[in-house]
Amino acid sequence: GKITTYPGRTVRLQVTSVDDANSTSPSLVYTVIDANGITSPKITLGPLQQAQWIGKVCGTMEYQIYGPEMASLKLFLFNYPSDSPAVVEVKLLPCEPGFTLMSNSSTGVMECNCSEFFTSFGVICDASQGIVTRNKMNWIGVYNSTLPALASTCPMDYCNSSITKLSLAGP
């Protein structure tokens with residue numbers, strides 16, 4: 001299969017483990033990442049996500065994938081002890097409006113984080129979900145489909161002060 005996501009975002013894959021007789025069976029699924037030759041900045045999975053237990057019927061594999069924008073990579077999911085993997089192609093998209101690709105100072109991985117423009121106005125970002133939380137009377141929008149816009153004082157009768165969490169990627 002193919003999926004698209006943003007650097008640092010959690011990806012969930014529904015998988016079923018089958019044995020050599022094509023019957024469902026519990027299994028340890030081991031994941032190997034192929035970064036298509038990209039070595040810097042590094043492409044990696046989040047901690048402890050290379051091996052995950054899948055129950056008898058199905059399970060959810062969760063990954064956080066870090067790397068540069070527009071990188072293409074492949075996840076190879078091995079059903080231990082089988083040696084024929086399922087392959088998932090992953091494309092990392094440019095960060096959403098309001099987010100900037102940054103290197104994590106403690107891990108060195110590339111991920112989308114809240115832009116300094118937003119944080120200077122007290123906006124809080126959840127990069128793992130692409131959600132921004134604004135102050136109640138700030139107006140936040142997107143200009144020209146990519147540039148974040150913010151007014152520190154909302155025009156009278158223009159903003160709904162009860163909505164505080166939103167995604168800037170949608171229409």
Side-chain angles (χ1 to χ4, degrees), residues 1-17 27-54 58-80 82-134 140-150 164-171:
K2 294 182 180 186
I3 58 173
T4 56
T5 189
Y6 301 94
R9 185 75 54 89
T10 299
V11 173
R12 291 172 183 84
L13 302 175
Q14 296 291 325
V15 296
T16 300
S17 176
S27 178
L28 179 67
V29 177
Y30 187 79
T31 305
V32 175
I33 190 168
D34 175 4
N36 290 326
I38 297 173
T39 57
S40 180
K42 67 182 175 179
I43 294 178
T44 185
L45 299 176
L48 303 176
Q49 296 171 321
Q50 285 77 18
Q52 298 178 47
W53 179 257
I54 299 300
C58 66
T60 303
M61 303 285 291
E62 290 191 0
Y63 305 96
Q64 275 185 289
I65 302 173
Y66 303 97
E69 296 171 319
M70 304 310 291
S72 294
L73 56 119
K74 292 179 183 173
L75 298 177
F76 293 90
L77 283 64
F78 290 91
N79 179 3
Y80 184 81
S82 173
D83 60 357
S84 55
V87 180
V88 179
E89 295 180 31
V90 180
K91 178 79 167 189
L92 295 178
L93 301 171
C95 295
E96 298 162 292
F99 293 86
T100 305
L101 187 68
M102 297 179 191
S103 177
N104 183 307
S105 58
S106 61
T107 62
V109 297
M110 301 298 288
E111 59 189 337
C112 297
N113 285 314
C114 197
S115 72
E116 289 182 23
F117 174 75
F118 275 176
T119 57
S120 68
F121 284 95
V123 173
I124 299 168
C125 299
D126 179 352
S128 68
Q129 297 182 33
I131 302 291
V132 296
T133 303
R134 65 176 173 85
I140 296 178
V142 178
Y143 172 74
N144 202 19
S145 300
T146 58
L147 301 173
L150 184 138
T164 58
K165 293 184 178 185
L166 63 142
S167 169
L168 299 178

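Sequential numbering from 1 along the given sequence is applied to the chain's residues.
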Return the [atom1] to [atom2] distance between [X] and [Y], rounded to the nearest 0.5 Å.
| X | Y | atom1 | atom2 | result |
| --- | --- | --- | --- | --- |
| S103 | N113 | OG | CG | 9.5 Å |
| S115 | M102 | OG | CE | 7.0 Å |
| L93 | T4 | CG | OG1 | 4.5 Å |

Inset, instruction - Apply side-chain contact (heavy atoms from CB on, under 4.5 Å) to F99 and C125, showing your working. - result: CA-CA 8 Å; F99 293 86; C125 299; 3.6 Å; yes

Legend entry - Residues that E89 engages under side chain to side chain contact (heavy atoms under 4.5 Å, CB included), provided they are two or more places apart: K2, K74

Legend entry - Residue list, side chain to side chain contact (heavy atoms under 4.5 Å, CB included) with I3, at least two apart or on another chain: V11, L13, V88, V90

Side chains of [X] and [Y] in contact at under 4.5 Å (non-hydrogen atoms):
| X | Y | value |
| --- | --- | --- |
| K91 | E69 | no |
| Y6 | L92 | no |
| T10 | T5 | no |

Legend entry - Backbone N/O of Y66 and side chain of E111: donor-acceptor pair under 3.5 Å: no

Inset, instruction - Work out which heavy atom in M70 is nearest to a heavy atom in P94; give both atom names and the distance. - result: SD-CD, 3.3 Å

Legend entry - Pairing residues for E116 by the side chain to side chain donor-acceptor pair (under 3.5 Å) criterion, not counting sequence neighbours: none

